[in-house]
Amino acid sequence: MKVAVVGAGPAGAVAAYALARDGADVSLFERSSWPRAKACGDGLTPASVALLGEIGIALPPRARFARTLVTGPRGAGFRAAWPRGVPDGTTFERIAFDALLVRAAVAAGAHFYDETSVDRIAGDTVTVTAAGRERTERFDAIALAEGGTGALAARAGLPPFDHRLAAYRGYVETATDLPDEYQVHYAGAFVPGYAWIFPVGRRRANVGAVLAARGDVRAALGAWMASSADARGPLGVDARLEDGRGGVICIGRSRRHAGRTFAIGDAAGIADPLSAEGVSQAMRSAVFFARALRANGGDPARAGIAYERDVRAFDANNREALRMRGLFRYLAVPMTSLAARRPRLARHVIASGYFPKRDARWFLQTFTAALR
Ligand SMILES: Cc1cc2nc3c(=O)[nH]c(=O)nc-3n(C[C@H](O)[C@H](O)[C@H](O)COP(=O)(O)OP(=O)(O)OC[C@H]3O[C@@H](n4cnc5c(N)ncnc54)[C@H](O)[C@@H]3O)c2cc1C
């Protein structure tokens, strides 16, 4: 089976890795000069760490974060640990993390071509351009792991995304050691989005924000860093954001498969609409894609049915979260204040990712935890 994978982010690299391990002949095409940076908070949540363990990709030793600090706009905040049984989260600058995944794919037998842009897909043929030269090749299946642009997916006839979130991040070198924790700040301008401080070194933080509503996320982040005690405390009063980069997080695509093409990762629109986490989802969709092809002997039509079914079930939480996002705008701040006084509620909201686990049971559990 010959498979083309377009884009070497976490979705593409993990798809290439999993398929090459299954014995497929995989070509992984990446248009950037490798390795490349990516606008991201660099947060590898417990879900990402667990998934890497599950597929056998080892992370080098690095700081692990057992807890998260969450604050609301008026200073009320709480710290809580992940629930028992899940691995601690970590951070990994994407330029190095994505390179690690691609190395794993190549070690498994995938062929990797950077500075190679996929320009056209027609039926079973893929046309790529590298060093100004075009070539066309035939493939049995094609994974679109092109990220949030979704350009090729749109041309393949897949429906557009339902929503886009804007996010921006940069790096701050600090004069003092950073606390060993993720920090999530529900500052007024961002809610139901948030600002984050994720340490990527003892004195180096990834600092960013995600905005669910329209607005200038970069300006809002700058204003927050200049004025908020939550930012000025850990980062210092003269914090300078270096290497700033913005990006979009695309949410919701009603169909992810057409003919021989499969949208995976951000191209599938499966990032979390409240936390903007997308790395674990990207890798998980890649695992679904590889499994669907393997289980159906490489038949793209049957694999497409299996893939759509798996992704749709996985994405059910996100669809529910999107419906609740309006409500979350009003819930985030009072819930943070209440959790500051009720450790059981604090543990519960961290356990469920600090966003509604999207069904009546979650509401009931939250309500019960809030009362105790
Ligand atoms: C500011 C910001 C902060 C975020 N923070 C976090 C976080 O802390 N934790 C988390 O889990 N998620 C986070 N996310 C989401 C996360 O970055 C994405 O969900 C994740 O990168 C998706 O991976 P992917 O492989 O689908 O796409 P990408 O990582 O975007 O990779 C797509 C690749 O495809 C290549 N490509 C595109 N078109 C072509 C083409 N035609 N030919 C060849 N190559 C092509 C691109 O160059 C790129 O390398 C954040 C997003 C943003 C914008």
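Here the structure is a predicted model, which means the values were calculated and not measured. Hydrogens, waters and symmetry mates are skipped; everything else that's a heavy atom, side chains included, is used. Start at 1 and go down the list; that is how both ligands and their atoms are numbered.
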Does ligand 1 come near enough to [X] that some N or O of the ligand is less than 3.5 Å from an N or O of the residue?
X: Ala267; value: no
X: Tyr168; value: no
X: Phe198; value: no

Does [X] come within less than 4.0 Å of ligand 1, judged by its heavy atoms?
X: Ala39; answer: yes
X: Thr116; answer: yes
X: Ile249; answer: yes

Whether over 12 other heavy atoms sit under 6.0 Å from Arg62 CZ =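 It does: Arg62 CZ has more than 12 such atoms within range.
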
Please work out which of Gly7, Ser285, Gly265, Ala276 has its closest non-hydrogen atom nearest to atom 15 (C) of ligand 1.
->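 Looking at heavy atoms only, the winner is Ala276.
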
Which one of Glu146, Arg169, Arg36, Lys38 has a non-hydrogen atom at the shortest distance from atom 31 (O) of ligand 1?
->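 Shortest heavy-atom distance from atom 31 (O) of ligand 1: Arg36.
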
Around [atom], find the nearest protein heavy atom and jot down its residue, atom name and distance.
atom: atom 40 (C) of ligand 1; answer: Val6 CG1, 3.7 Å
atom: atom 5 (N) of ligand 1; answer: Gly41 N, 2.6 Å
atom: atom 6 (C) of ligand 1; answer: Cys40 SG, 3.3 Å

Could Arg204 and Tyr171 be counted as a cation-pi pair, given that NZ or CZ must be under 6.0 Å from the ring centre and within 45° of the axis?
->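 Because its charged atom sits under 6.0 Å from the ring centre and within 45° of the axis, Arg204 does stack over Tyr171.
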
Can Arg138 and Asp124 be counted as an ion pair, charged N to O under 4.0 angstrom?
->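 The answer is yes: the pair qualifies as a salt bridge.
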
Answer yes or no: is there a donor N or O on one side and an acceptor on the other, between the side chain of Arg253 and the main chain of Pro159, under 3.5 Å?
->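 Confirmed, Arg253 side chain pairs with Pro159 backbone.
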
